[in-house]
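All remarks here apply to the structure that follows.
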Amino acid sequence: MNDMRLTERATQMHDTKIAARGVDVFYGDTHAIKSVDVEIADKTVTAFIGPSGCGKSTFLRCINRMNDTIPIARVEGEILIDGEDIHDPRVDPVQLRAKVGMVFQKPNPFPKSIYDNVAYGPRIHGLSRNKADLDVIVEDALRKAALWDEVKDRLAAPGTGLSGGQQQRLCIARAVATGPEILLMDEPCSALDPIATDQVENLIHELRRNFSVVIVTHSMSQASRVSQRTAYFHLGELVEFGDTGDIFTNPRDQRTENYITGRIG
Amino acid sequence: MARNLPPRPKVADMPLIWILAILALLGGVAYWLARRRAMSSGGGDARVLHSLPNYYGVHGALLALAPALLILALWLLTQPMLLYRSVAADIPLLTISAFGTVDLVMSDVRRVAEGLDVAVGAGLLTSQQMTSAGPTEIEAALDEIGVALGSQLTPPVLDAARDYRGADAVLRWGMIAVVVAAALIGGAIAVYRTDRDFRARNIVERSILVLLAAAATVAILTTLGIVLSMLFETMNFFSQYPAHEFFFGTTWSPSFSGRGGLSELGIIPLLWGTLYISLIALLVAVPIGLFAAIYLSEYAGPKLRSFAKPLIEVLAGIPTIVYGLFALITVGPMLRDVIAQPLGLGNSASSVMTAGLVMGIMLIPFVSSLSDDIINAVPQAMRDGSLGLGSTQSETIRRVVIPAALPGIVGAILLAASRAIGETMIVVLGAGAAARLDLNPFEAMTTVTVKIVSQLTGDTDFASPETLVAFALGLTLFVITLGLNVLALYIVRTYREQYE
């Protein structure tokens, strides 16, 4: 773990964007998340790592209330975004999800054209006044997702016809186009080859300028490459949370050390 | 002559069960022997055999049974023909002229032969009398057991009946001998071939393939046969009635009294009625069925779904004649009293609207069940993606799920349309049987299928255009529904892989 980039890491802290206090999640009788407290900073990449089934994806899905779509899931505790409780009855989960974009494990472009995929969110939320406006939003999102140069000549082609890496960047562009403040990424590179993974990781670096990014990953080297803060989950508990450099070089908890040194996981 | 083949005599039915029993026994023995031989050639260790021991057994049974059963089937098909020919050839011409035709003589001959069997079986006649007794004696015996003859029993007929019995018995025994021999030879070959390196599994696999391919062939050949028979009759029809008048004629008035010349057989009013009723049916079935499917697959919980889906599918199990009664007794009069009469649109209880509405109800489960399956097949990742962008559930359904499922939904609708076009009972009872070209949906009209039925019911003569037109109608309908099905398949194939 002597990646040179660890030392170059910018560790100056921004304001807290997401604050979770005592979050418990139940799937039916299963207690998936146990009393998690975490504070995620703005304009920072935060990585959630941990063995499979440790609850990191579940916790990620709490942040934009995607767990609401699973009938047996029950979330308790408080999650604040910019100091506002997302479970407050006045908060519309639909608006929340516009503000908190999500990129999934497997690229899931809609069976529509590349343009329509990116324009989907802006259209839903009425973000453009006219076609020219929408064109600008789409181009901007595709540029942010580092996909514009590859697809600018075939915006009408189906999004499903792109390669896996391009599809995932299309999904990122789709999420970015809605103008979110937070971007949640659930193992965004697990279905991609190393080259596409590298492209997406570079993209995450770029995205940090504008968004607070939370990424769930199974790859510890990816976490160390892209994130400034790392949270280690184990069996539904948040074991350790701190600067990525600290977590990987000087873990405080024995379980974290076992995991990052490859003894469990 | 070949048109009216004599049925297989009843007296010979009993042994068939015994033959099958013997074959089953032989098959079992062959199974056991082949399996045992395989095991002993492997020294009692199944692991050194090429195939599992049971494959050797099945191979043995297969070789014993398959050829024997094939011979049996062919024999049973050809024996009545052979019997008929051989006996009929010996009947004197005089007798034939007395009866009129050979067929009539032969039906008496068969009846006497069967009667003789019953009489011998009941002990009324000894086998001695059987061969020597005269016609009067035999007739008395037949009378007693209740066999009525077309005319008085004459010596030639009695002789022919005796011949018939004799030949039948010989053929029957011959069949048993040949079939059993085939089974024995087959079984013996199988057992002889069996040893540890013999590839029994491959042969069993191959024979399963043959069985499945044969089933598929039967289905295809049947379709082909139906189409060809319709095609020939249709060509026959067009040789008697001009095709352009059939396809473009706007009047349907077949005449049965004044054969030929007076009938007007234009398909347009019937096609119009068919399409009009189908259109109304689809206007009812598609929205209701689709919305029900969306509700069940996207909103309803698993409990409600597991309860409501079969309930909707019950609609598909109701016989169409019951829907027809519903149309006749409830919907028709109601539409007339509530809508048609107050608005001055007619006073007929049977109307296009009645049939269309009721047919639409019948089609709801077709649309909803198929669409439900298709909507469920849309990956959850699509919905997550859309919901994750902040769209509501109905926006997700409208903009992502339905477009992704569209090819399948279109396929479901076209299948429902095929059903609607082919439906008969609901139309007869709901819309009547009057061919009419009209825009008013509260008028009685009728469809192609209803007219096919009415042209073929009653005393029919398969030579007049009035009857043959049914085949032309049927073929037209077949082409239309085939076209719809091909279109449905094409749409589904073209867009199927969109979300993969």
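Numbers restart at 1 for each chain; the letters A, B, ... are given by sequence-line order, proteins then strands.
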With a 4.5 angstrom heavy-atom cut-off, which part of [X] approaches chain B: side chain, backbone, both or neither?
X	value
A:Arg61	side chain
A:Phe104	side chain
A:Val103	neither

- Message: With a 6.0 Å cut-off (strictly less than), is the heavy-atom count around CD1 of A:Ile195, excluding the residue itself, greater than 12?
- Response: no
_Please determine whether a side-chain nitrogen of the Lys or Arg among A:Arg143 and A:Glu139 lies less than 4.0 Å from a carboxylate oxygen of the Asp or Glu._
yes
Heavy atoms of B:Ile312 and B:Ala292 approach each other most closely as CD1-CB, 4.4 Å
Bottom line for B:Arg399: the part with an atom under 4.5 Å from chain A's heavy atoms is both
So side-chain hydrogen bond (donor to acceptor under 3.5 Å, both in side chains) across residues 305-316 of chain B, not counting sequence neighbours, yields B:Arg305-B:Asp372, B:Lys309-B:Asp372, B:Lys309-B:Asp373, B:Glu313-B:Ser369
